[in-house]
Amino acid sequence: MKLLIKHTILNNNLVDLLIENGVITSISPEIMEDDAQIFDAKHHTILPGLVDVHVHFRDPGLTYKETIATGSKAAAHGGFTSVLVMPNVRPAIDNPEALKEQLERNKKKSLINIYQFAAISSNLIAYKTADIEKMAKLGAIGFTNDGHGVQDAETMYQAMLQAKLVNKPISAHVEDDSLINGGVMNAGSAADKLGLPGMNPLSEASQLARDLVLAKASGVHYHVAHISTKESVDLLRIAKKEGVNVTAEVSPHHLLLDDEMIEMDNPMMKMNPPLRTPTDRKALIGGLLDGTIDMIATDHAPHSEKEKSGSMLTSSFGIVGLETAFSLIYTHFVKSGLVDMQTLINWMSNNPAQKFNINAGVIKVGAPADLTIMDLVHPYKIDSKNFLSKGKNSPFIGEKVYGKTMATFVAGKLVYQNGGNY
């Protein structure tokens with residue numbers, strides 16, 4: 001089957017794209033193809049489908065928060081065509097049988113490309129590694145205990161050695177539990193002012209320092225999830241200069257928000273890692289701009305309305321992000337003139353695809369037709385009523401942004417269209 005996308009803007013040029021059997025076969029100012037289905041892009045901008053290396057779809061076990069179906073719809077709505085899903089569901093994806101079942105579940109229920117992480121250790125907390133070799137052979141994209149820092153150095157080191165042998169990455173939620181102290185936000189003057197317990201930011205950097213030493217010794221591809229502190233950026237910069245095979249992601253909320261913006265006990269501002277200081281936020285932006293941080297990832301974490309209400313003392317950590325990430329980053333970084341569009345594409349599509357060996361992130365003849373079409377001209381307000389995710393927990397509701405998704409294609413198949421019913 002052939003699809004012809006007409007009248008779209010690619011690299012500031014008006015072009016048509018011809019797609020056959022899920023692959024781009026021609027890009028030209030004008031293509032005539034009598035037997036192709038026509039999609040009129042109406043002079044909106046076409047981009048490679050976005051790639052998110054850190055999402056939570058909650059399926060199985062927590063499907064009241066999100067399902068594979070609703071999560072993939074939310075991803076397509078946000079322009080994402082490929083996502084890497086965390087294993088902290090119930091039961092956790094921590095053994096070959098669970099992974100095999102999850103891979104089938106993902107394939108059956110998703111509209112987009114899903115790549116599945118498996119756990120480093122049993123139930124994400126055990127001090128013994130899972131069967132990394134077998135799960136790698138089954139198709140795990142990598143290994144992580146996301147939601148938990150690996151507290152034991154020997155467990156992490158053995159996981160790295162095993163992951164290196166099967167050429168898979170380790171993605172780490174770096175957090176030393178002994179420094180958390182029951183906190184619900186970043187420790188410091190903002191927490192003191194609100195009378196809320198704080199999480200010591202050294203919990204991140206101290207464990208990251210340990211892991212970078214282990215990563216250098218093992219040679220594994222070590223990926224730092226949702227980096228959030230200046231000290232962590234500094235350590236990462238040094239490690240890269242020392243030749244450590246390390247990559248890192250930063251979430252939109254850590255780039256755009258800080259703890260001084262938390263003016264009251266607000267559950268929508270509660271995430272882990274927590275929002276840090278303005279100095280940390282500036283360091284994250286600097287690290288992203290100079291290439292120390294490789295990519296942006298949402299850490300999409302849907303919760304029920306009840307779980308994100310009341311006090312930060314009792315509410316759940318995390319916010320949704322798949323449906324707001326592109327528009328927020330485009331508005332604050334590209335529309336503002338700080339970076340160009342290609343840089344955004346590198347952060348949100350090309351780099352994550354390259355670093356995780358996914359065939360995505362580019363628009364060229366022969367590439368998969370994983371594409372998104374964006375309206376970059378007309379502003380709109382973020383409204384949770386329009387979310388396709390079950391989760392509505394976002395601190396960005398009501399913000400005026402640019403970059404609305406008009407359509408998303410996966411292997412040439414239309415999986416989202418603005419105003420459509422998916």
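Atom set for the values below is all heavy atoms of this structure, side chains included, hydrogens, waters and symmetry mates excluded.
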Asker: Which residues pass the side-chain hydrogen bond (donor to acceptor under 3.5 Å, both in side chains) test with Gln207, not counting sequence neighbours?
Answerer: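 Here no residue qualifies.
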
Asker: Tell me whether Asn359 at atom CG has more than 12 heavy atoms from other residues, nucleotides or ligands lying less than 6.0 Å away.
Answerer: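 Counting other residues, nucleotides and ligands, CG of Asn359 stays at 12 neighbours or fewer.
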
Asker: Are Asp375 and Tyr380 side-chain neighbours, meaning at least one heavy-atom pair lies under 4.5 Å?
Answerer: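 Counting from C-beta outward, Asp375 and Tyr380 never come under 4.5 Å.
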
Asker: Does Lys355 NZ have over 12 foreign heavy atoms under 6.0 Å away?
Answerer: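 No, the 6.0 Å shell around NZ holds no more than 12 heavy atoms from other groups.
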
Asker: Between the main-chain N or O of Ala75 and the side-chain N or O of His300, is there a donor-acceptor pair closer than 3.5 Å?
Answerer: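 Answer holds: no.
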
Asker: Is there a side-chain contact between Ile363 and Ile24 (heavy atoms, below 4.5 Å)?
Answerer: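 Yes. Closest side-chain heavy atoms under 4.5 Å.
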
Asker: Any ion pair linking Glu104 and Lys100 (charged N to carboxylate O, less than 4.0 Å)?
Answerer: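 Judged by the 4.0 Å cut-off on N to carboxylate O distance, Lys100 and Glu104 do not form a salt bridge.
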
Asker: Does the Asp59 side chain pair with the main chain of Ile68, one donor and one acceptor, at a distance under 3.5 Å?
Answerer: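 Side chain of Asp59 to backbone of Ile68, a donor-acceptor pair under 3.5 Å: yes, one is there.
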
Asker: Rounded to the nearest 0.5 Å, how far does CE of Met406 lie from CD1 of Ile46?
Answerer: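 So the CD1 of Ile46 and the CE of Met406 are separated by 13.0 Å.
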
Asker: Is a side-chain N or O of Gln151 found less than 3.5 angstrom from the main chain of Gly149, in a donor-acceptor match?
Answerer: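 Checked: pair present.
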
Asker: Go through the steps for Lys308 and Lys270 under the test side-chain contact (heavy atoms from CB on, under 4.5 Å), then give the verdict.
Answerer: CA-CA 9 Å; Lys308 289 300 285 186; Lys270 182 181 179 182; 4.1 Å; yes

Asker: May I ask you to test the Pro395-Ile319 pair for a side-chain heavy-atom distance under 4.5 Å?
Answerer: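 Side-chain contact under 4.5 Å: yes.
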
Asker: Can a side-chain donor-acceptor contact be found between Asn346 and Thr343 if the only test is distance below 3.5 angstrom?
Answerer: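 No, no side-chain donor-acceptor pair sits under 3.5 Å.
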
Asker: Can you tell me how far OG of Ser28 sits from CG of Asn13, rounded to the nearest 0.5 angstrom?
Answerer: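 The distance works out to 11.0 Å.
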
Asker: Quick one, Thr129 with Gln158, criterion side chain to side chain donor-acceptor pair (under 3.5 Å). Give me CA distance, side-chain angles, the key distance, then yes/no.
Answerer: CA-CA 7 Å; Thr129 59; Gln158 290 303 319; over 6 Å; no

Asker: Which atom pair, heavy atoms only, marks the closest approach of Arg105 to Pro60?
Answerer: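 Looking at all heavy atoms of both residues, the closest pair is NH1-CD, 3.6 Å.
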
Asker: Work out which heavy atom in His226 is nearest to a heavy atom in Ser251; give both atom names and the distance.
Answerer: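 So the minimum-distance heavy-atom pair works out to CB-OG, 3.8 Å.
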
Asker: Without swapping roles, check the side chain of Asn393 against the backbone of Gly318 for a donor-acceptor pair under 3.5 Å.
Answerer: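 Side chain of Asn393 to backbone of Gly318: a pair is present.
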
Asker: Side chain of Thr408, backbone of Ala76: donor and acceptor closer than 3.5 Å?
Answerer: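 Here the side-chain-to-backbone pair exists.
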
Asker: Hey, does the side chain of Thr331 reach the backbone of Val401 with a donor-acceptor pair shorter than 3.5 angstrom?
Answerer: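 Absent.
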
Asker: Can you give me the closest heavy-atom contact between Asn181 and Gly198, atom names plus distance?
Answerer: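 Looking at all heavy atoms of both residues, the shortest contact is CB-O, 4.3 Å.
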
Asker: Search all heavy atoms of Lys164 against all heavy atoms of Ser218 and return the closest pair with its distance.
Answerer: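 Shortest heavy-atom separation between Lys164 and Ser218 comes out as CG-O, 3.6 Å.
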
Asker: At what distance, to the nearest 0.5 angstrom, does OG1 of Thr70 lie from NE2 of His77?
Answerer: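 Rounded to the nearest 0.5 Å, the OG1-NE2 separation comes to 13.5 Å.
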
Asker: Within the 3.5 Å criterion, strictly below it, is a donor on Glu323 or Ser389 matched to an acceptor on the partner's side chain?
Answerer: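 There is no such pair (donor and acceptor under 3.5 Å, judged by atom type) between the side chains of Glu323 and Ser389.
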
Asker: Glu20 and Thr25: side-chain donor and acceptor closer than 3.5 Å?
Answerer: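 Yes, a side-chain donor-acceptor pair sits under 3.5 Å.
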
Asker: In the structure I gave you, are the side-chain heavy atoms of Asp258 and Met261 within less than 4.5 Å of one another anywhere?
Answerer: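 Yes, their side chains come closer than 4.5 Å.
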
Asker: Do you know the tightest heavy-atom contact between Met160 and Ala215?
Answerer: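 Where Met160 meets Ala215 most closely, the heavy atoms are SD-N, 3.6 Å.
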
Asker: Rounded at 0.5 Å granularity, tell me how far CD1 in Ile93 sits from CG in Leu99.
Answerer: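 Reported value, rounded in 0.5 Å steps: 7.0 Å.
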
Asker: Would you check, one step at a time, whether the test side-chain contact (heavy atoms from CB on, under 4.5 Å) holds for His253 with Thr324?
Answerer: CA-CA 10 Å; His253 43 280; Thr324 59; over 6 Å; no

Asker: Do side-chain atoms of Arg58 reach the backbone of Thr67 as a donor and acceptor pair under 3.5 angstrom?
Answerer: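 It does not hold such a pair.
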
Asker: If you measure from CG on Leu47 to CE on Met341, what distance do you get to the nearest 0.5 Å?
Answerer: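 Between Leu47 CG and Met341 CE, I get 5.0 Å after rounding to 0.5 Å.
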
Asker: Working to the nearest 0.5 angstrom, can you tell me the gap between Lys73 NZ and Ile112 CD1?
Answerer: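 Here the rounded value is 12.5 Å.
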
Asker: State, to 0.1 Å, how close Gly71 and Leu322 come at their nearest heavy-atom pair, and which atoms those are.
Answerer: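 Taking Gly71 first and Leu322 second, the nearest heavy atoms are O-CD1, 4.0 Å.
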
Asker: Determine whether a donor-acceptor pair (N or O, by modelled atom type, separation under 3.5 Å) exists between the side chain of Glu231 and the backbone of Leu202.
Answerer: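 Between the backbone of Leu202 and the side chain of Glu231 there is no qualifying donor-acceptor contact (under 3.5 Å).
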
Asker: Where does the angle between the aromatic ring planes of His43 and His7 fall among parallel (under 30°), tilted (30 to 60°) and perpendicular (over 60°)?
Answerer: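 Parallel: the ring planes of His43 and His7 meet at under 30°.
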
Asker: Would you call Leu4 and Gln37 a side-chain contact if the rule is heavy atoms closer than 4.5 Å?
Answerer: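 A side-chain contact under 4.5 Å is absent here.
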
Asker: Do Leu371 and Ile19 come close enough that some side-chain heavy atom pair is under 4.5 Å?
Answerer: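 They are in contact (side-chain heavy atoms under 4.5 Å apart), so the answer is yes.
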
Asker: Could you tell me whether the side chains of Asn145 and His148 share a donor-acceptor contact shorter than 3.5 Å?
Answerer: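 Distance-only check fails for Asn145 and His148.
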
Asker: Enumerate the ring pair (Phe, Tyr, Trp, His ring centres under 6.0 Å) contacts for residues 326-360, please, sequence neighbours excluded, ordered by first and then second residue.
Answerer: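 Qualifying pairs, neighbours excluded: His221-Phe356, His223-Phe356, Phe326-Tyr330, Phe333-Trp347.
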
Asker: Compile the donor-acceptor pairs under 3.5 Å between side chains in residues 80-91 and protein atoms, sequence neighbours left out, one pair per line.
Answerer:
residue, atom, partner, partner atom, Å
Ser82, OG, Asn113, ND2, 3.3
Asn88, OD1, His56, ND1, 3.1
Asn88, ND2, Asp146, O, 3.4

Asker: Could you check whether Arg276 and Ser228, counting side-chain N and O atoms only, form a donor-acceptor pair closer than 3.5 Å?
Answerer: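 The answer is yes; a qualifying pair exists.
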
Asker: Might you confirm whether atom NZ of Lys134 has over 12 heavy atoms from other residues, nucleotides or ligands at distances under 6.0 Å?
Answerer: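 No, the 6.0 Å shell around NZ holds no more than 12 heavy atoms from other groups.
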
Asker: Taking the side chain as C-beta and beyond, is there a heavy-atom pair between Lys404 and Asn418 under 4.5 Å?
Answerer: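 Answer yes - side chains close enough.
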
Asker: Walk me through it: do Val166 and Lys137 pass the test side-chain contact (heavy atoms from CB on, under 4.5 Å)?
Answerer: CA-CA 8 Å; Val166 293; Lys137 288 180 179 178; 5.9 Å; no

Asker: Please evaluate residues Tyr416 and Thr372 with respect to the criterion side-chain contact (heavy atoms from CB on, under 4.5 Å), reporting the C-alpha separation (whole Å), side-chain torsions for both, the decisive distance (0.1 Å), and the verdict.
Answerer: CA-CA 9 Å; Tyr416 172 79; Thr372 188; over 6 Å; no

Asker: Where do Asp290 and Arg237 land on the salt bridge (charged side-chain N to carboxylate O under 4.0 Å, His left out) test, with the steps shown first?
Answerer: CA-CA 10 Å; Asp290 71 16; Arg237 188 175 287 115; 2.8 Å; yes

Asker: Take Asp16 and Lys6 through the test salt bridge (charged side-chain N to carboxylate O under 4.0 Å, His left out) and record every step on the way to the result.
Answerer: CA-CA 5 Å; Asp16 297 344; Lys6 300 284 290 183; 2.6 Å; yes

Asker: Does Glu175 offer a backbone N or O that forms a donor-acceptor pair with the side chain of Glu204 under 3.5 Å?
Answerer: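 It does not hold such a pair.
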
Asker: Under 4.5 Å between any side-chain heavy atoms of Val55 and Ile114, yes or no?
Answerer: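 Contact flag for Val55/Ile114 side chains = no.
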
Asker: Given 3.5 Å as the limit, does a donor-acceptor pair link the side chain of Thr8 with the main chain of Thr45, or not?
Answerer: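 Such a contact is absent between Thr8 side chain and Thr45 backbone.
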
